[in-house]
Amino acid sequence: MVQVQLPDGSVHEHPEGTTPYDIALKIGARLAQACIAASVDGQIADLRRPLPTGSLLKLKLITERDPEALGVMRHSAAHVMARAVMRVFPNVGLAFGPTLPNGFYYDFDMPDRIREEDFPRIEQEMAAIIAAGETFDRFELPREEAIGMCSDLNQALKVEHLKTGLADHPTLSFYRQGEFVDLCRGPHIPDASKIKAFKLMSVAASHFKGDTSGRSLQRLYGTAFFSQKDLDAYLAQVEEARRRDHRVLGKQHGLFHISNDVGQGLCLWLPKGAAVRGILEEFIKAELIRRGYQPVYTPQIGRVEMYETSGHFPYYRDAQFSPIFGHPAGSVVDRWITLLESGEMTPEKEKQFIEFSPMLEAKIENYPVGGTVAEKIESLRGWQSHHERYLLRPMNCPHHVQIYKSQQRSYRDLPVRLAEFGTVYRHEQSGELNGMLRVRGLTQDDAHLFCTPEQVENEFQQTLELVQFVLKSLGLDDYRVQLSLRDPKSNKYVGSEENWQRAEAALRKVLVEMQLPFEPREGEAAFYGPKADFMVRDCIGREWQLGTVQLDYNLPERFQLEYIGADNRAHRPVMIHRAPFGSMERFVGVLIEHFAAAFPLWLAPEQIRILPISEKVNDYAATVEQQLKAAGFRVTTDLRSAKINGKIRDAQIELIPYMLVVGAKEAEQGLVTVRDRLDADHQRTVPLAEAIAALTAEVKERRIRQTAKPGGSTLSGGEDAVANEY
RNA sequence: GCUAGCGUAGCUCAACGGCAGAGCUCCGGUUUUGUAAACCGGAGGUUGUGGGUUCGAAUCCCACCGCUAGCUCCA
């Protein structure tokens with residue numbers, strides 16, 4: 001007997017072997033037809049799989065309208081795609097084919113290369129499979145038989161997965177659709193006709209289970225929807241995102257430039273981009289001072305030993321620029337020590353080092369040729385201690401720690417909040433670089449708070465409030481918080497178990513108290529502490545990781561930080577690292593995309609452009625410009641001999657928020673005609689003073705007028721003023 | 001770093017084995033303008049770099065540099 005409870009609370013009994021489809025059919029034929037899958041006790045299951053007997057099951061029928069349906073259908077679409085690829089190409093090995101937030105992919109191990117030119121052929125085959133409307137049939141096999149079948153099918157990666165990842169599964173489920181059989185957990189849609197609209201998106205390389213040492217696979221991306229309309233809306237959104245690409249807009253509007261002559265991933269801020277950044281920096285600086293922070297400046301390099309103490313140097317060695325040596329032999333000695341430490345030093349190599357080093361004027365005195373490895377290293381370290389190694393700093397914290405340590409601290413002084421727009425350098429892998437969003441030199445809006453253990457929660461809360469305030473000021477008020485915790489099974493973290501538990505508990509407590517929704521994510525913490533990251537949704541629904549607040553009990557330990565408590569004894573402070581923007585590069589990059597380069601008045605590099613009708617009113621235009629400048633505006637005057645139409649067009653294309661048109665009429669009476677970039681149909685001719693007052697108010701309020709409503713996941717083409725811009 | 005695709009004027013692109021071109025930008029001139037492009041002229045290139053194949057290479061081949069997408073990484 002199968003006992004089910006439907007969402008309306010009603011309980012029904014059915015004979016054994018009843019499927020959710022049978023139940024749907026009893027309710028109504030149209031419902032049964034609309035069903036995609038079923039939710040059984042909260043688990044998504046196949047519509048035609050018999051329900052288990054015994055306890056009462058909570059059953060919910062999933063139709064296209066339920067959010068879970070899309071994922072089920074896309075997973076089936078991935079199978080259809082794989083089936084099509086196997087029809088088009090020979091010897092296709094299957095890896096994994098999961099669902100993504102916006103579609104799905106399937107990884108293939110195959111001799112042929114899939115090119116975009118092949119997409120139509122594959123899509124055609126998929127369309128044929130969908131038109132045939134065959135069912136997805138689940139069956140189970142015991143382990144050995146499953147392995148046998150996969151090897152019969154020449155699916156080596158499936159066999160490997162069965163033997164490794166699924167080693168503890170006694171029985172395995174498969175899905176068959178026509179000639180296509182795939183090891184798969186499911187669930188699937190009942191038959192292929194549920195896939196109403198699909199499209200192949202792109203193809204790129206990937207690796208089996210993410211292992212870069214293994215063979216490269218081809219990953220084919222696609223997406224699918226329940227209607228052509230939804231697919232079209234999605235494609236429009238992709239197009240909109242492409243149109244907002246900060247690399248394109250940054251070039252077009254002269255915001256930033258990356259020159260190969262300077263170097264990969266090194267951002268040059270052009271005057272207009274620098275203006276935006278400068279305004280943001282001023283904005284946040286004023287806010288920090290209001291909140292009791294103290295600005296500091298520290299150098300952009302520091303001794304390697306300091307980063308060895310902090311743990312950054314050993315932990316992130318591959319992602320850092322090589323140390324800078326004060327002596328030409330520095331890197332040779334460094335290599336020498338590395339070989340000794342790793343045990344790779346041979347007598348021949350050692351002889352070469354000893355003979356070579358004098359040519360670099362390195363006098364390694366008393367090198368114990370016949371001594372132990374430890375003695376040799378000690379001797380070389382002795383040389384190093386007289387010849388400093390510097391690191392282009394990858395993090396600001398050690399420098400700020402040194403400021404903290406520069407004087408004795410009393411509990412009365414805490415919290416100490418040190419803030420700096422600190423530029424750091426990281427040797428990111430070349431394939432990671434992406435415009436301003438991923439660079440090798442970046443400036444963090446960084447600060448480090450040193451406080452007593454009792455102050456931690458309060459300070460943490462205040463930093464979260466600061467991040468909230470900053471994001472809100474920029475119209476980025478749709479966000480969620482990720483609480484990144486350590487992976488208890490990994491040993492890559494520094495610090496004691498107790499410290500980690502305290503830190504994680506403190507973060508959790510504050511987030512709960514602030515009623516900030518958060519998702520815990522194990523294994524995502526920094527190596528020195530847990531963190532709360534702000535995932536911010538922009539106006540076209542994309543998510544970006546921006547602000548971050550990190551709690552750290554470990555660096556104070558490593559640097560032996562102290563303060564004198566009320567009990568006249570030394571205590572260890574706690575550190576909080578935080579950056580509301582993250583980095584200026586990344587944040588401005590995101591803002592460019594968020595605003596589509598049409599910055600609100602308070603951020604616009606050029607806020608106002610004065611457009612004289614003819615040269616006859618140039619003098620008046622100059623007066624207007626002077627007064628606007630005196631009122632603090634970033635303003636220019638278009639003195640070209642072009643017609644007013646041309647001047648307006650250029651200002652409009654350059655996304656200048658306001659144009660002030662001045663002609664003989666305005667000059668006579670001290671007026672300006674205000675042309676709002678977003679509302680050219682309602683121009684007003686007003687006294688200059690009135691215009692200045694209105695514009696000043698808009699800046700003061702940091703008014704944001706041009707973005708579409710945040711949170712919209714679909715881009716309604718045309719409704720957003722920004723979207724209409726070009 | 002890996003796999004694939006791509007590098008032509010400041011920008012966007014054309015020429016795809018046979019004389020490197022257009023529009024915009026820029027410069028000079030004419031024009032003095034009332035709400036999204038006035039007109040005329042000019043300049044701008046060792047086709048990413050270096051090799052090779054060829055009578056001849058932007059075009060074909062190789063290496064390097066860079067960009068893009070994805071993978072891996074992200075203090």
Side-chain angles (χ1 to χ4, degrees), chain A residues 105 107 113-117 201-221 245 247-248 251-254 257-261 263-265 307 310-313 315-320 393-398 424 426-435 437-440 442 444 446 484 492 494 524-529 531 533 545 548 550 552 555 577 579 582-583 586 611-618 639-654 659 661-666 673-675 677 680-681 683 685 725-726:
Chain A
Y105 68 79
D107 281 345
R113 182 142 290 131
I114 303 177
R115 295 164 184 279
E116 293 210 7
E117 296 93 271
M201 301 299 289
S202 61
V203 60
S206 65
H207 295 92
F208 190 55
K209 299 189 177 184
D211 175 11
T212 46
S213 62
R215 185 146 42 133
S216 173
L217 306 175
Q218 296 185 68
R219 177 169 296 179
L220 190 52
Y221 287 86
D245 190 322
R247 293 165 301 193
V248 176
K251 189 181 275 185
Q252 219 169 67
H253 295 284
H257 176 60
I258 293 177
S259 160
N260 195 23
D261 292 341
Q264 262 189 303
Y307 287 98
S310 73
H312 290 106
F313 182 66
Y315 192 85
Y316 289 106
R317 186 143 201 181
D318 293 342
Q320 284 162 9
R393 73 171 168 192
M395 271 303 252
N396 303 309
C397 20
V424 299
R426 299 171 181 179
H427 194 268
E428 304 286 2
Q429 296 181 27
S430 60
E432 298 307 326
L433 302 175
N434 175 287
L437 298 180
R438 196 77 187 269
V439 288
R440 284 183 171 165
L442 54 132
Q444 300 175 315
D446 208 0
S484 295
K492 68 171 186 173
V494 301
E524 298 291 317
F527 74 90
Y528 50 72
K531 54 180 182 168
D533 292 323
Q545 192 200 309
T548 179
Q550 310 177 357
D552 183 359
L555 284 189
H577 311 236
S583 80
R586 185 176 167 78
L611 309 181
I613 296 288
S614 84
E615 276 176 16
K616 291 175 192 128
V617 287
N618 279 359
L639 293 170
R640 296 174 303 168
S641 72
K643 293 176 73 167
I644 193 67
N645 290 323
K647 294 182 182 182
I648 285 172
R649 179 171 190 274
D650 288 346
Q652 195 77 27
I653 288 170
E654 289 175 52
M659 300 169 217
V661 180
V662 294
K665 190 174 71 185
E666 287 85 356
T673 296
V674 182
R675 189 184 202 275
R677 189 184 68 84
D681 296 338
Q683 295 183 45
T685 302
E725 216 50 67
Y726 291 81

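Chain identifiers are assigned alphabetically (A, B, ...) following the order of the sequence lines, protein sequences preceding nucleic acid strands; residue numbering begins at 1 within each chain. When reading the values below, keep in mind they use all heavy atoms of this one structure, side chains included, and skip hydrogens, waters and symmetry mates.
- Taking the C1' atom of each, B:rA9 and B:rC24 are spaced 12 Å apart, rounded to whole Å.
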Extract from the structure each pairing of a protein N or O with an N or O of nucleotides 62-66 of chain B at less than 3.5 Å, listing the distance.
residue	atom	partner	partner atom	Å
B:rG66	OP1	A:Gln264	OE1	3.0

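- Residue contacts shown for A:Tyr528 are limited to sugar-phosphate atoms, with no base heavy atom under 4.0 Å away.
- Expressed to the nearest 0.5 Å, how far OG of A:Ser614 lies from NZ of A:Lys643 amounts to 13.0 Å.
- Considering NZ of A:Lys209 and NE2 of A:His207, their distance stands at 15.0 Å, rounded to 0.5 Å.
- Comparing B:rA38 with B:rG56, their C1' atoms are spaced 46 Å from each other, to the whole Å.
- Residue-level contact check: A:Lys616 touches the backbone only, with heavy atoms under 4.0 Å from sugar-phosphate atoms and none from bases.
- As rounded to whole Å, 16 Å separates atom P of B:rU31 from atom NZ of A:Lys647.
- Note on A:Ala642: a base of the nucleic acid sits closer than 4.0 angstrom, heavy atoms only.
- Pair assignment for B:rA38 gives B:rU30, based on Watson-Crick or G-U wobble hydrogen-bonding distances that are each under 3.5 Å.
- Across all strands shown, A:Glu116 has no heavy atoms under 4.0 Å from either base or sugar-phosphate atoms.
- Rounded to the nearest 0.5 Å, atoms CD1 (A:Ile613) and CG (A:Leu611) are 8.0 Å apart.
- Rounded to the nearest 0.5 angstrom, A:Arg440 CZ and A:Gln429 CD are separated by 9.0 Å.
- Taking atom CD of A:Gln429 as the reference point, atom C1' of B:rU3 lies 14 Å away to the nearest angstrom.
- B:rC74 is unpaired under the criterion used here, namely a Watson-Crick or G-U wobble arrangement in which both key atom distances are under 3.5 Å.
- Between A:Gly431 and A:Ile648, the residue whose closest nucleotide on RNA chain B is further toward the 5' end is A:Gly431.
- Ring-plane geometry between A:Phe527 and A:Tyr315 is classed as parallel, the angle between the planes falling under 30 degrees on a 0 to 90 degree scale with a further cut at 60.
- For A:Arg247, the side-chain atoms get nearest to B:rA69 when compared with the rest of B:rA75, B:rG34, B:rA69.
- Rounded to whole Å, the distance from CD on A:Glu428 to C1' on B:rC67 is 17 Å.
- Taking the P atom of each, B:rA57 and B:rC19 are spaced 12 Å apart, rounded to whole Å.
- Distance CG (A:Asp107) to P (B:rC71): 10 Å, rounded to an integer number of Å.
- Nucleotide B:rG56 forms a pair with no other nucleotide shown, judged by Watson-Crick or G-U wobble geometry with both contacts under 3.5 Å.
- Atom NE2 in A:His207 sits about 14 Å away from atom P in B:rG1, given to the nearest Å.
- OP1 and OP2 of B:rA38 both lie 4.0 Å or more from every side-chain N or O belonging to A:Arg649.
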Using the side chain to side chain contact (heavy atoms under 4.5 Å, CB included) rule, take A:Asn434 and A:Arg247 through it: C-alpha gap first, then chi angles, then the decisive distance, then the call. CA-CA 8 Å; A:Asn434 175 287; A:Arg247 293 165 301 193; 3.2 Å; yes
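- Comparing the same atom, P, in B:rA37 and in B:rU25 gives a spacing of 13 Å after rounding to whole Å.
- Contact annotation: side chain of A:Glu432 to base of B:rC71, donor-acceptor pair present below 3.5 Å.
- Side-chain contact of A:Arg586 with A:Gln545: a donor-acceptor pair under 3.5 Å is absent, judged by distance alone.
- A straight line from CG of A:Leu220 to P of B:rA69 spans 18 Å, rounded to a whole angstrom.
- Across all strands shown, B:rA9 forms no Watson-Crick or G-U wobble pair with both distances under 3.5 Å.
- Pairing for B:rU68 goes to B:rA4, judged as Watson-Crick or G-U wobble with the two contacts each under 3.5 Å.
- Between A:Tyr307 and A:Tyr316, a ring centre-to-centre spacing not shorter than 6.0 Å is recorded.
- Between A:Arg115 atom CZ and B:rU3 atom P the separation is 15 Å, expressed in whole Å.
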Enumerate the protein-to-nucleotides 7-14 of chain B contacts in which both atoms are nitrogen or oxygen and the separation is below 3.5 Å.
none

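- Nucleotides B:rG28 and B:rA43, compared at atom C1', are 10 Å apart to the nearest Å.
- Nucleic acid contact class of A:Lys531 (heavy atoms, under 4.0 Å, all strands): sugar-phosphate only.
- Within the nucleic acid shown, A:Gln545 has no heavy atom closer than 4.0 Å to any nucleic acid atom.
- Across the P atoms, B:rG45 and B:rC60 are found 24 Å apart, a figure rounded to whole Å.
- B:rC6 and B:rG17 have their P atoms separated by 15 Å, with the value rounded to a whole Å.
- Atoms CG (A:Asn645) and C1' (B:rU33) sit 9 Å apart, rounded to a whole Å.
- The partner of B:rG45, taking Watson-Crick or G-U wobble pairs whose two distances both stay under 3.5 Å, does not exist in any strand shown.
- As judged by a 4.0 angstrom heavy-atom cut-off over every strand, A:Phe527 is placed among residues making no nucleic acid contact.
- On a pure distance criterion of 3.5 Å, no polar donor-acceptor pair joins the side chain of A:Arg586 and the base of B:rC74.
- Using a 4.0 Å heavy-atom distance criterion, A:Tyr221 is classed as a sugar-phosphate-only contact.
- Nucleotides B:rA63 and B:rA4, compared at atom P, are 11 Å apart to the nearest Å.
- In this model, the phosphate group of B:rA75 is approached by a side-chain N or O of A:Tyr316 to a distance below 4.0 Å at OP1 or OP2.
- A donor N or O paired with an acceptor N or O is not found under 3.5 Å between the base of B:rG70 and the side-chain atoms of A:Gln218.
- For B:rU35, the base has a donor-acceptor partner in the side chain of A:Gln683 [N/O atoms by modelled type, under 3.5 angstrom].
- Within the 4.0 angstrom heavy-atom criterion, base atoms lie near A:Arg438.
- Here the CD-CE distance, from A:Gln683 to A:Met659, works out to 8.5 Å after rounding to the nearest 0.5 Å.
- The side chain of A:Ser641 lies closest to B:rU32 when the candidates are B:rA75, B:rG70, B:rU32.
- The residue A:Ser310 sits apart from the nucleic acid: no heavy atom pair falls under 4.0 Å.
- The residue A:Ser202 sits apart from the nucleic acid: no heavy atom pair falls under 4.0 Å.
- Pair assignment for B:rA14 gives none, since no Watson-Crick or G-U wobble pairing has each distance under 3.5 Å.
- Within 4.0 Å (heavy atoms only), A:Ile644 reaches sugar-phosphate atoms of the nucleic acid but no base atom.
- Base engagement by A:Ala319 is indicated by at least one non-hydrogen atom pair under 4.0 Å involving a base atom.
- When distances are taken from the side chain of A:Pro394 to each of B:rU35, B:rA75, B:rU68, the shortest belongs to B:rA75.
- A:Arg675 comes within contact range of at least one nucleobase, with a heavy-atom separation under 4.0 Å.
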